[in-house]
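One structure is given here, and the rest of the page talks about it.
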Amino acid sequence: MTEITAKILDPTHLELSQPIFFRQGNMISIYIHDVVENNADETENVWIEAGQKHFLAAYDEEDAIYDQL
């Protein structure tokens, strides 16, 4: 897997930091990290922050099987 950065030009266009060598029309996957942007829509930020703060509340202490060795 190769990781490169891209500049967001508008909601449907990206400018890649380097060229990718695939034929036109080929499909690629893009993974977007969940980050809160200071200038993003305030409503969206509220939901992202709430999700991050309350993520672990969905799990009970008994669910922590990976903490046990």
Side-chain angles (χ1 to χ4, degrees):
M1 180 169 79
T2 302
E3 180 177 342
I4 63 171
T5 59
K7 178 182 177 182
I8 300 172
L9 300 178
D10 63 47
T12 60
H13 295 90
L14 302 173
E15 180 180 317
L16 302 177
S17 62
Q18 63 191 49
I20 55 175
F21 300 101
F22 294 98
R23 288 190 189 125
Q24 185 173 345
N26 282 4
M27 300 296 288
I28 62 170
S29 296
I30 299 173
Y31 299 92
I32 308 296
H33 296 283
D34 293 329
V35 296
V36 177
E37 295 185 24
N38 293 332
N39 60 354
D41 177 26
E42 189 60 34
T43 304
E44 183 180 341
N45 281 347
V46 170
W47 284 105
I48 292 172
E49 290 173 3
Q52 290 172 345
K53 288 179 183 176
H54 299 289
F55 172 74
L56 292 178
Y59 297 93
D60 188 75
E61 283 295 320
E62 295 175 3
D63 293 335
I65 60 171
Y66 298 109
D67 294 342
Q68 302 168 5
L69 297 176

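The basis for the numbers below is simple: all heavy atoms, side chains too, and nothing from hydrogens, waters or symmetry mates.
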>> Run the side-chain hydrogen bond (donor to acceptor under 3.5 Å, both in side chains) test against Thr12 and tell me which residues pass, sequence neighbours left out.
In response: Asp10
> Under 4.5 Å between any side-chain heavy atoms of Ile8 and Leu14, yes or no?
Replying inline: yes
>> So, using side-chain hydrogen bond (donor to acceptor under 3.5 Å, both in side chains) as the criterion, who are the partners of Thr2 when residues are at least two apart?
In response: none
>> Checking Glu3 now: which residues fulfil side chain to side chain contact (heavy atoms under 4.5 Å, CB included) with it, not counting sequence neighbours?
In response: none
> Is there a chain of hydrophobic side chains (I, L, V, M, F, W, Y, each step under 4.5 Å between heavy atoms) that links Ile4 to Ile30?
Replying inline: yes
> Of all residues at least two apart in sequence or in a different chain, which pass the side chain to side chain contact (heavy atoms under 4.5 Å, CB included) check with Phe22?
Replying inline: Ile20, Asn26, Ile28
>> Grouping I, L, V, M, F, W and Y whenever their side-chain heavy atoms are under 4.5 Å apart, do Ile32 and Leu16 come out in a common cluster?
In response: yes
